[in-house]
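These notes concern the structure reproduced below.
Since the model is a prediction, treat every value here as computed from it, not as a measurement. Atoms within each ligand, like the ligands themselves, are counted from 1 in listed order.
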Amino acid sequence: MAFELVPGLEGVPIAESGVSFVDGQAGKLEYRGFDVETLAENSTFEETSLLLLHGKLPTHSELEAFKREMVGYRKLKYRIIDLIKCLPETGHPMDALQAAAAATGMFYPRRRAMDATTRRQACYRLIAKLPTIVAAFERLRKGDDHISPNPNLSHAGNFFWMLSGKEPDPAHEHILDVALILHADHTMNASTFAGRVVGSTLADPYCVVSSALGALSGPLHGGANEDAILLFRKIGKPENAKNVVGEMIGRKEKLPGFGHRVYKTTDPRAKILKRYAEQLTKASGSPNYEIALEVEKLGIAHYGEKGIWPNVDFYAGIVYSELGIPTECFTPIFAMARVSGWLAHWLEQLENNRIFRPTQQYTGKHGQAYIPLSDRK
Ligand code: ACO
């Protein structure tokens, strides 16, 4: 039977899912039926993770139990710290995160017949450990000691603590928490699909997350947040935006943080991050927000009609850099959030699993004659 080939699987459903929903025309995103803007205003990353994983908002005691469990899971095995120390300091933190996430699974070898408790523990453990790995790699590669997690701090607060050894500014902690909520899931994107494919083979959740991390690391996916801030820094001041963006358009170079397979209007997450970018740069005096506004105006004027608008990555980089986070940690922060969504999809995949095995349209040759090596020219 011949099927139509759809490049990039655009518009092709690969699963039934109740985890999240996007309306790309209206610019609307929901997790388990809750508007992401409502969650950003009222929830926490911890609560949102439980919502994604279990399909309902937790009770007070469920949330507190989760937070207590996370305290124990945040710590790293000393051999994982040793492994991180062995990685090249010039390597990208996304690669370090992928390696350490995969290696962590070797300490919990429950490859087959995982029961509900084992699965739940694996999910919580992965969500808890990712920030610790990111912060450990960032410090160790600069020659600083690893800082153990602080049991009294939130998930977002702990990340600042483990990066700097300082108690986080509550306003900054809140902004990072909101950013984590906004990035926690996004329907069937490349990394989620990668995770579901690996999950469908009944590989363990550490492999699922490490494959999703590999997919997220690319500049067409999570890596665009770094590229966007690098562009704003290169532009340097708002007056330069017209020339730089004009040249990029002339060279048919993609604007980082612009365009989306689903959104044909501004991404709702970008709108929220834009407010924080403005607030933070006003306080610091950084020109990046004003530069971004110019790039946004020029980008929309040129590409808006084609449905290419700012996506979540456009303002995320400004927010993170204002929070004092190193540029190479931007995509790892995305991963620290998205791990909850990846795992919610993994659990859902296993409920009604069938291994992914798509097909291809063969364009190669047939019936080739084998020429011995000695006779080949
Ligand atoms: N700047 C300029 N032109 C663009 C952009 C952009 N950012 N994005 C898409 N286009 C153009 C393409 O050049 C193409 O033009 P053409 O039809 O004249 O050839 C057309 O729009 C369609 O682009 P595709 O890349 O085919 O669209 P697709 O849906 O496959 O890709 C993607 C979506 C990858 C997000 C794309 O818009 C892009 O590369 N954006 C820049 C990178 C980026 O911001 N990624 C983050 C996405 S959000 C996320 O993953 C969290």
Side-chain angles (χ1 to χ4, degrees), residues 5-12 14 20 22-25 27-29 31 36 40 94 178-195 212-232 234-235 241-242 244-274 277 292 294-320 327 329-342 345:
L5 175 67
V6 182
L9 294 181
E10 180 165 6
V12 177
I14 62 93
S20 58
V22 182
D23 179 338
Q25 296 298 332
K28 192 176 162 61
L29 169 62
Y31 299 161
V36 78
M94 279 301 280
V178 171
L180 293 176
I181 293 172
L182 295 177
H183 286 85
D185 197 49
H186 206 253
T187 73
M188 211 50 69
N189 55 83
S191 56
T192 302
F193 181 42
L213 283 162
L216 187 69
S217 68
L220 295 187
H221 196 3
N225 55 17
E226 280 183 43
D227 292 344
I229 191 81
L230 294 176
L231 173 65
F232 304 150
K234 181 179 150 195
I235 291 173
K242 202 170 175 190
V244 177
V245 173
E247 280 168 16
M248 288 178 77
I249 290 172
R251 290 193 297 265
K252 295 195 183 310
E253 224 174 279
K254 283 181 172 176
L255 286 180
F258 252 76
H260 200 278
R261 177 65 64 76
V262 183
Y263 291 120
K264 298 303 163 206
T265 180
T266 300
D267 180 329
R269 303 165 297 175
K271 286 186 194 159
I272 299 173
L273 291 172
K274 182 176 181 177
E294 285 303 310
V295 175
E296 183 180 20
K297 249 191 271 164
L298 294 159
I300 292 173
H302 197 82
Y303 293 120
E305 266 193 7
K306 222 173 155 186
I308 299 167
W309 290 75
N311 63 51
V312 68
D313 284 335
F314 192 72
Y315 285 103
I318 299 184
V319 171
Y320 299 148
T327 308
C329 286
F330 295 177
T331 312
I333 291 178
F334 193 150
M336 281 157 42
R338 185 56 59 83
V339 66
S340 299
W342 291 331
H345 281 270

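- T331 and N225 are linked by a side-chain donor-acceptor pair at a separation below 3.5 angstrom, with hydrogens and angles left out of the test.
- Under the 3.5 Å distance criterion, the side-chain polar atoms of H302 are left unmatched by any main-chain donor or acceptor of L298.
- Under the rule for a side chain to side chain contact (heavy atoms under 4.5 Å, CB included), the partners of A190 that lie at least two apart in sequence or sit in another chain are H221.
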List the steps, then state whether ring-ring contact (aromatic ring centres under 6.0 Å, His included) holds for H186 with Y263.
CA-CA 11 Å; H186 206 253; Y263 291 120; 5.2 Å; yes
Hey, what polar pairs (N/O, under 3.5 Å) does ligand 1 make with protein?
{"unit_1": "ligand 1", "atom_1": "1 (N)", "unit_2": "L255", "atom_2": "N", "d": "2.9"}
{"unit_1": "ligand 1", "atom_1": "7 (N)", "unit_2": "L255", "atom_2": "N", "d": "3.4"}
{"unit_1": "ligand 1", "atom_1": "7 (N)", "unit_2": "L255", "atom_2": "O", "d": "2.7"}
{"unit_1": "ligand 1", "atom_1": "7 (N)", "unit_2": "F258", "atom_2": "O", "d": "2.7"}
{"unit_1": "ligand 1", "atom_1": "15 (O)", "unit_2": "K306", "atom_2": "NZ", "d": "3.0"}
{"unit_1": "ligand 1", "atom_1": "18 (O)", "unit_2": "K306", "atom_2": "NZ", "d": "2.9"}
{"unit_1": "ligand 1", "atom_1": "25 (O)", "unit_2": "K254", "atom_2": "NZ", "d": "2.6"}
{"unit_1": "ligand 1", "atom_1": "29 (O)", "unit_2": "R261", "atom_2": "NE", "d": "2.7"}
{"unit_1": "ligand 1", "atom_1": "30 (O)", "unit_2": "R261", "atom_2": "NH2", "d": "2.9"}
{"unit_1": "ligand 1", "atom_1": "39 (O)", "unit_2": "K254", "atom_2": "NZ", "d": "2.9"}
{"unit_1": "ligand 1", "atom_1": "40 (N)", "unit_2": "F258", "atom_2": "O", "d": "2.9"}
{"unit_1": "ligand 1", "atom_1": "44 (O)", "unit_2": "G257", "atom_2": "N", "d": "2.9"}
{"unit_1": "ligand 1", "atom_1": "44 (O)", "unit_2": "N311", "atom_2": "ND2", "d": "2.9"}
{"unit_1": "ligand 1", "atom_1": "45 (N)", "unit_2": "L220", "atom_2": "O", "d": "3.2"}
{"unit_1": "ligand 1", "atom_1": "50 (O)", "unit_2": "H221", "atom_2": "O", "d": "3.4"}
{"unit_1": "ligand 1", "atom_1": "50 (O)", "unit_2": "H221", "atom_2": "ND1", "d": "2.9"}

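- Listed by chain and residue number, nothing satisfies the salt bridge (charged side-chain N to carboxylate O under 4.0 Å, His left out) test with R338 (two or more places apart in sequence, or in another chain).
- Not counting sequence neighbours, the partners of I300 by the side chain to side chain contact (heavy atoms under 4.5 Å, CB included) test are F258, E296, W309, P310.
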